[in-house]
Amino acid sequence: QDIAKLIQRYSRYQQSCLSIEQFTSFGKTAKPVESFQFGRHELPVRLAHIIREIDLLPKNLLKMPSVELVRGWYVQSFSELIEFQDEEETDEVTNRFTQSLKYIKQRHDNVVETMAQGIMELRQREGDDAFHPSIEYFLDRFYMNRISIRMLITQHLLLFGQDARSSKSNFVGCFDPNCHVVSVVEDAINNAAYLCEQNYMASPSVEISQVNAYDPKKPVQVAYVPGHLYHMLFELLKNAMRAVVEQHGSSIDIPPLKILITKGKQDLTIKISDQGGGIAKSEIDQVFEYHYTSAPEPLTTGAAAPMAGYGYGLPLSRLYARYFDGDLQLYSMEGFGTDAVIWLKALSEEASEVLPLYNTRTPKNYEEVRLSAQHCRDWSSSKFYGHGHKF
Ligand code: W6P
């Protein structure tokens, strides 16, 4: 059957959003063949949804070689998975499926870099005018879809693959049902501080406190993916430490970072406060853009790993937070400092995947994002007349 037709068909199936509770209970009891039955349908559905959406990108971007390459990977993986639809549910087929997932995961390892490359090529060729706001909208959806697909594949491989973990730890695949938040925070602090020392010969100290509102004697724990939590914390801490050291580097007493971790009935919240001079309100949104144009050259002194200007770190971290229905925001007081806040769902049944879905109205949304950039000027303000208009 024609692959384009199949992609259309699968993009009309509904995606199944799983909660952390579902991931962990499934992971504890499911047999390989059940994971095969779920994955052989759900994975092509999620791939189809995003392939349809890639096809809505502006034509000039779609024609960039890197973007064509990425699209080709998605179609290839879709076709490989479709092959399993009518297969018998035997151990042999299940093993072949597992092997396939391993290769598919590898094929997509460099999607983020390659997509970024395509967008840079477009900018080099056509200038910043080629930069549709629809690209930011797309990338959030595209990378969220990728996070979700890699989660499904990773879970299957960790639970049923060649090097499936011996069940000594309490982990269920990449989930820790009792993730000790302070430990992950300390881990991220150590690595961010090390990087900061390498780059600036100094790093701020960090004061951690926690409040477990409903179980005051216990440390704050949550069912989560420690890898995702670490990723967000490391990114925020690098930014906070860099800001503080650049602001106070020469002085003897650098103001410490303060981290507050709280757990209520619904929310687990982590706040990182720095006194790094802050960012103006007008620049906060840009910090979450994938191609923050005025980003400085990667900050590095010699051989050390870069401390990073704002690259993809912050927008991707926010996606990790939102993936299980949490969020990540910055509150800044310019001239003083910044609070970065991560919200996670405290209850594993409420921590449910948030996925972009393709439906008949999706093309219209892209059109509207495109238009809203010029269209909805129904508040007067001098900043709208900044460039491009002569009066
Ligand atoms: C800053 C800029 C920033 C980004 C993310 C997290 C913390 C901070 N602090 O000054």
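Remember, it's a predicted structure, so these values are computed and weren't measured experimentally. FYI, side chains are in, hydrogens and waters are out, and symmetry mates aren't considered; it's all heavy atoms of this structure. First listed ligand is number 1; within each ligand, the first listed atom is number 1.
Using a 4.0 Å cut-off between heavy atoms, Asp274 contacts ligand 1 through its side chain alone, with no backbone atom that close. Within the 4.0 Å heavy-atom criterion, neither part of Val287 lies near ligand 1.
Listed by number with element, the atoms of ligand 1 under 4.0 Å from a non-hydrogen atom of Ile279 are 2 (C).
In this model, no donor atom of one side chain and acceptor atom of the other lie less than 3.5 Å apart for Glu80 and Tyr103. The closest side-chain donor-acceptor pair between Asn212 and Gln210, if any, does not fall under 3.5 angstrom. Under the 3.5 Å distance criterion, with hydrogens and angles disregarded, a donor-acceptor pair is assigned to the side chains of Ser35 and His156.
For Arg125 and Glu121, the salt-bridge test fails: no basic side-chain N is under 4.0 Å from an acidic carboxylate O.
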